[in-house]
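Following: one structure in structure tokens, then a few remarks.
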Amino acid sequence: MQSEHKLEEIGAFKTLEQFIIEQQGTLDHSTGAFSRLLRDISVAAKLVNWHMRRAGIVDVFGKTGEINVQGEVQQVMDLLAHKEFVRALKRGGECCLIGSEEHSEAIPIRAGKDNKGKYIVLLDPLDGSSNIEVNVSVGTIFSIYHLPDHMEEATLDAALQPGVEQIGAGYVVYGSSTVLVYTTGQGVNGFTLDPSIGEFLLTHPDITTPRYGGMYSVNEGNYQSFELGLKKYIKWMQQERPEDGRPLSTRYFGSFVADFHRNLLMGGLYIYPATHKNKSGKLRLMYEANPLAFIAEQAGGAASTGTGRIMEVIPEKLHQRIPLYIGSLDMVRNAESFLAGERGID
Ligand code: AHG
Ligand code: MN
Ligand code: MN
């Protein structure tokens with residue numbers, strides 16, 4: 001009896017595929033091709049999830065021995081995730097250009113006249129990969145653009161569009177459950193992978209983020225190299241003012257996508273500022289900051305460089321880094337005020 005009841009409950013959820021098809025009719029740019037692209041991304045996510053779930057059993061932990069284009073140690077799973085996404089996007093045929101953290105150049109899928117795919121996908125195949133061996137959540141982040149009409153060939157220039165031009169963005173968290181969250185500019189929706197039927201089910205419809213949250217996420221080990229305004233803001237958040245919810249709590253996984261997901265649902269602010277080591281910040285504009293900025297804004301939050309809107313930054317390089325303040329709207333605005341010297345500790 002009980003299992004029958006459970007089956008009925010599963011059937012009551014909308015699948016990602018059903019949701020995408022329903023939305024298709026409501027988007028200006030949306031055609032079957034865009035829906036197929038989203039499907040290809042979700043298939044790759046399921047494959048990466050499959051690798052992740054077996055990671056302690058088969059030998060996919062550890063480092064490849066390579067240093068990636070970022071100068072960072074590449075993990076075996078970084079490469080596996082990259083390969084799964086590239087393969088799924090190539091096979092799907094809707095994508096003309098891929099930019100990946102794990103590949104120095106943009107990857108054209110088909111060049112010239114044969115190129116039928118009209119979408120550009122920029123991605124961080126595995127975010128937080130240094131956490132894999134210790135079972136902390138990791139994720140995938142993706143950003144989707146149109147190949148501009150005037151461009152015949154999908155070259156790197158086609159990918160260097162500001163975040164405001166995104167037509168879709170999302171992420172997957174491989175955590176206690178596997179969740180895919182995405183936007184096409186009409187709000188934010190989240191889907192949980194049901195491993196028993198292999199489908200992403202709509203579990204988080206129309207996500208909105210609280211205007212203010214009780215948590216901030218920053219690598220405070222870098223405190224000495226933060227600019228003065230940020231130091232003051234952190235001290236302000238740590239002050240004991242129970243009447244307005246201070247002190248806030250610190251939560252920092254070291255997996256951007258996992259920190260972002262928690263803050264999105266619960267309210268909070270993620271910060272990766274410029275530091276002495278990473279003078280332009282650490283996170284990458286095109287496949288970390290922009291896609292999650294799109295999600296944050298669509299959920300009612302914000303994303304800033306500290307002085308301006310992330311999605312308006314004109315990109316110069318595929319792998320460029322950017323200082324990032326992202327999350328609940330009022331917290332991002334507070335950060336900007338402190339950085340501008342308009343506010344101090346009271
Ligand atoms: P990636 O694993 O894709 O290289 O990204 C790592 C990023 C991000 O996920 C995380 O928030 C940040 O690096 C952590 O950096 P620190 O260890 O410097 O705090
Ligand atoms: Mn990353
Ligand atoms: Mn990565």
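Remark: Tyr272 OH to Arg284 CZ distance equals 10.0 Å, nearest 0.5 Å. Distance check: Leu160 CG to Ile314 CD1 gives 10.5 Å after rounding to the nearest 0.5 Å. The line from CD of Gln238 to OG1 of Thr250 is 6.5 Å long, rounded to the nearest 0.5 Å. Remark: Tyr287 OH to Asp127 CG distance equals 10.5 Å, nearest 0.5 Å. Note that CD of Gln24 is 6.5 Å distant from CD1 of Ile21, once rounded to the nearest 0.5 Å. With rounding to the nearest 0.5 Å, the separation of CD in Gln18 from CG in Leu201 is 9.0 Å.
Side-chain contact between Glu101 and Leu318 is absent, with no heavy atoms from C-beta onward closer than 4.5 Å. Contact of the His103 side chain with the Val86 side chain is not registered, since no non-hydrogen atoms from C-beta on lie closer than 4.5 Å. Contact check for Ile326 versus Leu269: no side-chain heavy atoms found under the 4.5 Å cut-off. At least one side-chain heavy atom of Val179 sits less than 4.5 Å from a side-chain heavy atom of Val181. Lys46 places a side-chain heavy atom less than 4.5 Å from the side chain of Phe200. Taking 4.5 Å as the limit, every side-chain heavy atom of Met77 sits out of range of all side-chain heavy atoms of Ser129.
A distance-only check finds a donor-acceptor pair linking the side chain of Asp259 to the backbone of Phe253 [under 3.5 Å]. Judged by distance alone, with hydrogens and angles left aside, the side-chain atoms of Ser255 form no donor-acceptor pair with the main-chain N or O of Val257 at under 3.5 Å. Between the side chain of Gln166 and the main chain of Gly163, a donor-acceptor pair closer than 3.5 Å is present. A donor-acceptor pair is defined here as one N or O able to donate and one able to accept, closer than 3.5 Å; such a pair exists between the side chain of Asn189 and the backbone of Asp206. A donor-acceptor pair is defined here as one N or O able to donate and one able to accept, closer than 3.5 Å; such a pair exists between the side chain of Gln161 and the backbone of Ala158. Using a distance-only test at 3.5 Å, with no hydrogens or angles considered, no donor-acceptor pair links the side chain of Glu94 to the main chain of Leu37. Of the possible polar contacts, none joining the His146 side chain to the Pro148 backbone as a donor-acceptor pair under 3.5 Å is found. No side-chain donor-acceptor contact under 3.5 Å links Glu297 to the backbone of Phe294.
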- [ ] Kindly determine whether Tyr270 and Phe256 satisfy ring pair (Phe, Tyr, Trp, His ring centres under 6.0 Å), including the steps that lead there.
- [x] CA-CA 8 Å; Tyr270 178 96; Phe256 176 36; 4.6 Å; yes
Open item on the list: Test side chain to side chain donor-acceptor pair (under 3.5 Å) on Ser217 and Asn263; report intermediate values, then the result.
Closed with: CA-CA 9 Å; Ser217 313; Asn263 291 350; 3.2 Å; yes
- [ ] Kindly indicate, with the supporting measurements, whether the criterion side chain to side chain contact (heavy atoms under 4.5 Å, CB included) is fulfilled by Met286 and His319.
- [x] CA-CA 7 Å; Met286 302 306 286; His319 300 290; over 6 Å; no
TODO: Could you give me the CA-CA distance, side-chain angles and deciding distance for Val218 and Ile234, then say whether side chain to side chain contact (heavy atoms under 4.5 Å, CB included) is met?
DONE: CA-CA 9 Å; Val218 66; Ile234 288 173; 4.2 Å; yes
Open item on the list: Under the criterion ring pair (Phe, Tyr, Trp, His ring centres under 6.0 Å), I'd like the reasoning laid out for Phe338 against Tyr233: C-alpha separation, chi angles, the key distance, then a yes or no.
Closed with: CA-CA 6 Å; Phe338 272 91; Tyr233 183 39; 5.0 Å; yes
Open item on the list: Using side chain to side chain donor-acceptor pair (under 3.5 Å), reason through Glu199 and Thr15 one step at a time and then give a plain yes or no.
Closed with: CA-CA 6 Å; Glu199 294 278 1; Thr15 68; 4.6 Å; no
Open item on the list: Run the side chain to side chain contact (heavy atoms under 4.5 Å, CB included) test on Arg211 and Ser328 for me, step by step, so that the C-alpha distance in whole Å, both residues' side-chain angles and the decisive distance to 0.1 Å come before the verdict.
Closed with: CA-CA 5 Å; Arg211 276 191 70 129; Ser328 292; 5.8 Å; no
- [ ] I would like to know whether Glu227 and Leu339 meet side chain to side chain contact (heavy atoms under 4.5 Å, CB included); could you show each step before the answer?
- [x] CA-CA 8 Å; Glu227 62 183 287; Leu339 292 168; 3.5 Å; yes
- [ ] Give the intermediate values and the outcome of side chain to side chain donor-acceptor pair (under 3.5 Å) for residues Ser196 and Asp194.
- [x] CA-CA 5 Å; Ser196 60; Asp194 184 329; 2.5 Å; yes
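Pairing each heavy atom of Pro125 with each of Thr140, the nearest pair is O-OG1, 2.7 Å. Residues Leu283 and Glu288 share a closest heavy-atom pair of CA-OE1, 3.3 Å. Nearest approach of Gly327 to Val332, heavy atoms of both residues: N-CG2, 3.7 Å. The nearest pair of heavy atoms linking Arg343 to Asn334 is NH1-OD1, 2.7 Å. Closest non-hydrogen pair, Ile120 versus Leu147, comes out as CD1-CA, 3.9 Å. Taking all atoms of both residues into account, the shortest heavy-atom contact from Gly301 to Thr209 is N-CG2, 3.5 Å.
A salt bridge links Glu22 with Lys14: the distance from a Lys NZ or Arg NE/NH1/NH2 to an Asp or Glu carboxylate oxygen falls below 4.0 Å. Electrostatic pairing of Glu240 and Arg246 does not count as a salt bridge here, judged by no charged N lying under 4.0 Å from a carboxylate O. Salt-bridge annotation for Glu102 and Lys83: absent, with no side-chain N of the basic residue lying under 4.0 Å from a carboxylate O of the acidic one.
In the displayed structure, Asp244 atom CG is contacted under 6.0 Å by more than 12 heavy atoms of other residues, nucleotides or ligands. Enclosure of atom CZ in Arg53 by more than 12 non-hydrogen atoms of other residues, nucleotides or ligands within 6.0 angstrom is indicated. Remark: Lys90 NZ is loosely packed, at most 12 non-hydrogen atoms of other residues, nucleotides or ligands lying under 6.0 Å away. Within a 6.0 Å sphere centred on CD of Glu105, other residues, nucleotides and ligands contribute 12 heavy atoms or fewer.
Ile41 pairs with exactly one of Leu16, Leu123, Leu89 by the side-chain contact (heavy atoms from CB on, under 4.5 Å) rule, that one being Leu89.
For the residue pair Ser143/Asn290, the side-chain donor-acceptor check at 3.5 Å is not satisfied. Judged by distance alone, the side chains of Glu336 and Ser304 do bring a donor and an acceptor atom under 3.5 Å apart. Side-chain contact annotation: Asp157 with Thr155, donor-acceptor N/O pair under 3.5 Å absent.
Cation-pi check for Lys235 over Tyr223 is met; the charged atom lies under 6.0 angstrom from the ring centroid and within 45 degrees of its normal.
With ring centers used as reference points, Tyr171 lies under 6.0 Å from Phe260. Aromatic ring centres of His204 and Phe191 lie farther apart than the 6.0 Å criterion allows. Taking the six-membered ring wherever Trp is involved, the centroid distance between the rings of Tyr119 and Phe34 falls below 6.0 Å.
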Pair up each side-chain donor or acceptor in residues 275-282 with any protein partner under 3.5 Å, not counting sequence neighbours, and list the distances.
residue: Thr275; atom: OG1; partner: Lys277; partner atom: N; Å: 3.4
residue: Thr275; atom: OG1; partner: Asn278; partner atom: N; Å: 2.9
residue: Lys279; atom: NZ; partner: His276; partner atom: O; Å: 2.5

